[in-house]
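Reminder, nothing fancy here: chain letters follow the sequence lines and each chain counts from 1.
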Amino acid sequence: MNTDELHPSCYFSLDPERRAAGALGGLSVPTPALAGPRILVAGWNLGIGSSRESTLRGLVEAGVRGILARSCARIFLRNAINAGLPVGLRQEGFPGLDDELELQLDWAEVTFAVSGTARSLRLDPLDAHLRAVLEAGGLVPYLDCLSKLGGLP
Amino acid sequence: MTFLDALLSRRASTPTEGKYRWYAPDLLLLPDYALALMLKDLPPGAPFPHARRCLVTADHFAPPSSTERAEILRRVLDRAREGGCPARIFEGICHQLLVEDGRCRPFRLVIGSDSHSGMAGGLGALAFGFGSTDVWGALVHGAIALPPLRPLNLRLRGRLPGDVSGGDLARELFRRLGPRRLADRWVAIEDLEAGLPMADRFALCNLLTEAGVACAVVRPDECTRRWLQERDGEDFVDFDPVEDERPRSSIDGTMAGDELAAGRSPDELAALEIDLGTLEPLVSLPSNPFDVSPLDAVAGLELHQVFLGSCASGRLEDLRRGARTFGGGPVAPGLKALLTPASRRVWLAASAEGLLDRFVAGGVTVLNPSCGPCGAVDKGLLAGGERCACTLNRNYRGRMGSPDAEIYLVGPSVVGAAMRLGRLPERKELVAP
């Protein structure tokens, strides 16, 4: 799923409401409602295409609180981490994880219930650097802190 | 081992918590919309700490076509000036201005806050595209974290046929490898017989963005040297040759011992060799760059619009190729034909050769150097059901306006012929009329 589908470029804006209106706006199916905390679950190469961060911001402003994917495109993954948006990757995918299920997401696994039975799927490990940026809440707080500690070249 | 291992290990770097490492980039590209997204994280009025390493371009909103975009551009222009790096206003597409900039050189670490910044790899720069916050980090803190090196050798032999472009080489790679095998790879390209002209090296590195590569770098050679001499004139400074024989540095992104190797195929592609002479004109069909077909399989398809330009293929050589197959035209009845030179410099050079007049006299609409219809950023958008053949890099649904338009990605020779014929040509029609 490419960035033109995730957030058409006409929704590029510095206005959060305008950006939120474009979330998943390029899909060829009716846009699902994203209100309420949502986890976006996707297949391979999520976010291939443009580097524009308005895509991530628009998704977050529309209600996305995390991403699960078999893989993310390079720039999209960095953009999500830099924005402090949790990303869980799993090459084997997320069998059984259907729409509207409630789930819990942590560093190691995603847990959800199917017909009353709890299931959990282990996530592929994130590089420790990406995890550190996420733990700081994104690249801006991470770098502001790291530069004060003298940790940069 | 690739020449990228040698280049990377020459650079100073410091560790992160994981396998990424911090590097200090040499050159930062900030197009207008990306600097706009950074405004919230830049203290108002303060100079950019690394302003002398910046290139700011007003190229997407060039000129702005809505009041909102005019407001955004105004803020960007003011902030860039306050930051100590005034924007280049409407001079051309950011990636073209990047490769025309004397600071963009072989082996320099160049990062751009736009996905196609990797195009500068065509002249041998270590060039990467990123989102705006990553480049903010370099702008304010002077550092960028690069992922582990995952090299892939791409060796080119032979010469590119006259009707084939660097974009066709990219499409050939897409056809052979599919959309995932190049993801996150650092593609080290060696043009062993200097058969790929510079314009096509840029097109190749530009289009490889669509495969999710980390970067694509053409090892600089005599061809690169001549191009830099022409670009820089008296200011030309030669580059050092790359030494291949280097001990492995601590930067080791290969499979052994790499936690991220989980799930990678043991026979992960390490090298690929292509004979340029065997390439043919190819088409990316709507709506995926990886849906590739030989040109002849779709010849005859009626078109509503054609477009020659974009950062992928808006250089002088691309305009020459388009002009050759266009002849004097005229543009086919009812067809919308657009052209954008990628920069003011390209515009003036094409004008000096009479190319622009030839296109205009034949009925082509020449637009100012900017992204134009690409990315649905500006004028030249498509209605539902319209079919467009163009030299863009991606053709996802909605890329040029209506999600129900069809975008065919082709080389410049194909667009030139299509301008006259009003349809996709056969390969044998890619000749001067």
Side-chain angles (χ1 to χ4, degrees), chain A residues 1-5 8-10 12-15 18 25-28 44-45 47-57 70-83 89-92 124-133 135 138-140 142-144 146-147 151-153, chain B residues 12-14 16-24 33-34 36-37 39-41 60 68-69 71-72 75 112-117 129-134 136-137 140-143 145 147-148 179-180 183-184 210-214 259-260 262-263 287-288 375-377 394 396-399 403:
Chain A
M1 178 146 303
N2 64 77
T3 47
D4 289 319
E5 292 174 300
S9 65
C10 58
F12 174 87
S13 178
L14 299 186
D15 172 9
R18 173 70 183 159
L27 296 186
S28 51
W44 296 105
N45 248 343
I48 190 71
S50 172
S51 64
R52 56 184 185 269
E53 286 186 20
S54 42
T55 303
L56 261 311
R57 294 187 198 178
R70 297 184 79 162
S71 70
C72 279
R74 179 184 74 85
I75 298 177
F76 187 83
L77 176 64
R78 290 183 76 110
N79 285 351
I81 303 281
N82 290 345
L89 301 175
R90 191 170 190 275
Q91 297 224 358
E92 287 89 14
D124 299 337
L126 266 188
D127 185 272
H129 169 65
L130 298 183
R131 179 167 170 163
V133 173
E135 283 178 327
L139 189 69
V140 174
Y142 174 87
L143 274 178
D144 282 344
L146 192 64
S147 69
L152 291 170
Chain B
S13 65
T14 59
T16 65
E17 302 85 345
K19 293 198 173 285
Y20 287 61
R21 290 187 73 89
W22 293 111
Y23 292 83
Y33 78 93
L37 291 170
L39 290 173
K40 68 176 181 63
D41 298 311
H60 285 64
E68 183 189 19
R69 291 185 174 187
E71 305 282 358
I72 292 174
R75 292 178 62 189
S113 43
D114 189 272
S115 58
H116 293 104
S117 300
F130 289 108
S132 39
T133 304
D134 265 323
W136 167 89
V140 171
H141 296 288
R180 285 168 24 208
D184 303 314
E210 307 313 316
V213 301
E259 286 170 24
L260 297 177
S287 299
N288 189 328
V377 172
R394 59 176 73 117
Y396 297 119
R397 290 181 73 249
R399 185 71 190 161

Do NZ/NE/NH1/NH2 and the carboxylate oxygens of Asp4(A) and Arg399(B) come within less than 4.0 Å? yes
Could you tell me which portion of [X] (side chain, backbone, both or neither) has an atom closer than 4.5 angstrom to a non-hydrogen atom of chain A?
X: Asp41(B); result: side chain
X: Ala36(B); result: both
X: Ser117(B); result: neither
X: Val140(B); result: neither

Which answer fits [X], side chain, backbone, both or neither, if we ask what part of it has an atom under 4.5 Å from a heavy atom of chain B?
X: Ile75(A); value: side chain
X: Arg57(A); value: side chain
X: Phe76(A); value: neither
X: Leu27(A); value: backbone
X: Leu146(A); value: side chain
X: Leu89(A); value: neither

Who wins among [options] for the most heavy-atom pairs under 4.5 Å with chain B?
options: Ser54(A), Gly26(A), Cys10(A), Ser50(A); value: Ser50(A)
options: Ala73(A), Ala132(A), Ser28(A); value: Ser28(A)
options: Ser71(A), Ser13(A), Gly138(A), Ala83(A); value: Ser13(A)

Side chains of Asp144(A) and His141(B) in contact at under 4.5 Å (non-hydrogen atoms): yes
Identify the two heavy atoms, one from [X] and one from [Y], that lie closest to each other, and give their separation to 0.1 Å.
X: Gly18(B); Y: Ala128(A); value: CA-CB, 3.8 Å
X: Glu68(B); Y: Phe12(A); value: OE1-O, 4.3 Å
X: Ser51(A); Y: Ser115(B); value: OG-N, 3.2 Å
X: Leu143(A); Y: Trp136(B); value: CD1-CZ3, 3.9 Å

Contact winner vs chain A - [options], heavy-atom pairs under 4.5 Å:
options: Gly129(B), Ala376(B), Ser113(B); result: Gly129(B)
options: Thr14(B), Thr16(B), Asp134(B); result: Asp134(B)
options: Ala24(B), Ala12(B), Ala145(B), Gly375(B); result: Ala145(B)

Look only at the side chain of [X] and the backbone of [Y], and say whether a donor-acceptor pair between them is shorter than 3.5 Å.
X: Arg394(B); Y: Gly49(A); value: yes
X: Arg52(A); Y: Ala34(B); value: no
X: Glu53(A); Y: Leu37(B); value: no
X: Arg74(A); Y: Ala183(B); value: no
X: Asn45(A); Y: Pro179(B); value: yes

Arg90(A): salt bridge (charged side-chain N to carboxylate O under 4.0 Å, His left out) partners, not counting sequence neighbours: none
Applying salt bridge (charged side-chain N to carboxylate O under 4.0 Å, His left out), name anything that partners Arg18(A), two or more places apart in sequence or on another chain. none
Over 60° means perpendicular and under 30° means parallel, so classify the ring planes of His129(A) and Trp22(B), tilted if in between. perpendicular
How many angstroms lie between atom CG of Leu14(A) and atom CZ of Arg75(B), to the nearest 0.5 angstrom? 5.5 Å
Stepwise side-chain contact (heavy atoms from CB on, under 4.5 Å) test for Thr133(B) and Asn79(A): CA-CA 7 Å; Thr133(B) 304; Asn79(A) 285 351; 5.9 Å; no
Might you work through the side-chain contact (heavy atoms from CB on, under 4.5 Å) test for Tyr396(B) and Glu5(A), ending with a clear yes or no? CA-CA 8 Å; Tyr396(B) 297 119; Glu5(A) 292 174 300; 5.7 Å; no
